K.L.:
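Below you will find the structure I want to go over with you.
Order of the sequence lines fixes the chain letters, A, B, ..., with proteins taken first and strands second; residue numbering starts at 1 for each chain. These numbers come from a predicted model, not from an experiment.
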2 protein chains.
Amino acid sequence: MSAIPLPQIGAVPVERGDAARNRVLLLDAAALLVAERGVDAVTMDAVACRAGVGKGTVFRRFGNRSGLMQALLDHTERELQQAFMFGPPPLGPGAPPIERLIAFGRARIAMVEVQGEVLRAAENAPEYRFGGPARALGIAHVIGLLRGAGVEGDLDLLASALLAPLEASLVLHQVRDLGMTTERLAAGWEDLARRVTRC
Amino acid sequence: MSAIPLPQIGAVPVERGDAARNRVLLLDAAALLVAERGVDAVTMDAVACRAGVGKGTVFRRFGNRSGLMQALLDHTERELQQAFMFGPPPLGPGAPPIERLIAFGRARIAMVEVQGEVLRAAENAPEYRFGGPARALGIAHVIGLLRGAGVEGDLDLLASALLAPLEASLVLHQVRDLGMTTERLAAGWEDLARRVTRC
């Protein structure tokens, strides 16, 4: 089966065969380490050990730990991008805009639950936090849905306001420090989205 | 005239005479330095020089640069707290809740315009960002206004969602990187507040 290149922002060049499989193997190992032991446990050594490859392979692939974390983040973001651009409704095309918007908020909250520490680490790098391509695509997506739902006004700012409470740092604080459930956060965000769109 | 202690969160112990005047003198000098030359220009030396006192005075008062920045932030936050708790309407008591809410958003955006770099530096310390007393008081104030406006729902989360787009890091990004005016941001936040309260 041949891979069709998707017009994703931040997409890596197409890889073939072993290289692509190796990359996914290493990123899956890194994601498992984050889930099980937190982001600090993700060292080049630990990823190599977990994936059952030599340390040199990890260094050749990602350069350093920072490169590995960036790749892990891109991997996570691309999965969400693919889902909201090309996946099944309600997140993907085919559902009414307001339902897609609510599904988007829920998907981001669920993503923080799994990848929160990686996302928070990235948010603490200011150039990524607001300047990254993933954010630009998320804003554009939400603006499109607001327009599709017939919302009028300063859609740039409304989209930014809707994304602000979905930031990983805030969501992690609400879940870990305040003991809120992600279901409560998702219901709260749905309420916010319905108020903003007046639906 | 005797000072009446206000029940402000994070208030410093009451000081008298020279000590209090000295403190204000030093904080005003630090605030001017931030406004003129950015937060990095605020060193103990520069503040002493600007205030026309010896360096030892600054060290005795604030301990170190971190203590000085914290004091500067507390000073800024307390001014806003005093205004929304005890000041004239529409920010203070006496105006309808929705008008007070809108005034609160405008006041925070104006505060970022002046003290943005100090606030951003503080937000980058995670324990301050969500755990600080200033945030707790801001959330409580907004929840009270939402309740007063007859809004029903998960008011904790709605308040948190309303405060999220007012964070200094985001506002500075919108003003400096995206070239938005603070008037546009204030109008956008007012629109958000009216939608959320359905007013």
K.L.:
If a pair satisfies side chain to side chain donor-acceptor pair (under 3.5 Å) and one of its residues is in residues 38-53 of chain A, list it, with sequence neighbours excluded.
P.N.:
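Found E36(A)-R50(A), D45(A)-K55(A).
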
K.L.:
Relative to chain A, which segment of L178(B) carries a heavy atom at a distance below 4.5 Å: side chain, backbone, both, or neither?
P.N.:
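When you check distances to chain A, no heavy atom of L178(B) falls under 4.5 Å.
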
K.L.:
Should the pair F84(B) and H141(B) be assigned to parallel (<30°), tilted (30 to 60°) or perpendicular (>60°) ring geometry?
P.N.:
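Parallel.
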
K.L.:
According to side chain to side chain donor-acceptor pair (under 3.5 Å), does anything in residues 145-154 of chain B pair up with another residue at least two apart or in another chain? List the pairs.
P.N.:
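Every pair satisfying side chain to side chain donor-acceptor pair (under 3.5 Å) with a residue in residues 145-154 of chain B: R184(A)-D154(B).
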
K.L.:
If only atom types and distance count, is the side chain of R198(B) paired as donor or acceptor with the main-chain N or O of R198(A) below 3.5 Å?
P.N.:
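No: the side chain of R198(B) does not pair with the backbone of R198(A).
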
K.L.:
Tell me, for L158(A) versus chain B, whether the close heavy atoms (under 4.5 Å) come from the side chain, the backbone, both or neither.
P.N.:
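When you check distances to chain B, only side chain atoms of L158(A) fall under 4.5 Å.
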
K.L.:
Using side chain to side chain contact (heavy atoms under 4.5 Å, CB included) as the criterion, list what pairs up with A103(B), not counting sequence neighbours.
P.N.:
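A103(B): side chain to side chain contact (heavy atoms under 4.5 Å, CB included) contacts with P90(B), L91(B).
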
K.L.:
Taking non-hydrogen atoms and a cut-off under 4.5 angstrom, which of residues 188-197 of chain B neighbour chain A?
P.N.:
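Contacts with chain A: G188(B), D191(B), L192(B), R194(B), R195(B), V196(B).
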
K.L.:
Given side chains that start at C-beta, do those of M69(A) and L73(A) come closer than 4.5 Å, heavy atoms only?
P.N.:
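No, too far: nothing below the 4.5 Å cut-off.
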
K.L.:
So which part of L166(A) gets closer than 4.5 Å to some heavy atom of chain B, the side chain, the backbone, both or neither?
P.N.:
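For L166(A), no heavy atom lies under 4.5 Å from chain B.
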
K.L.:
Thinking salt bridges, do E77(B) and R108(B) make one under a 4.0 Å N-O criterion?
P.N.:
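Here E77(B) pairs with R108(B) in a salt bridge, since their nearest N and O are under 4.0 Å apart.
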
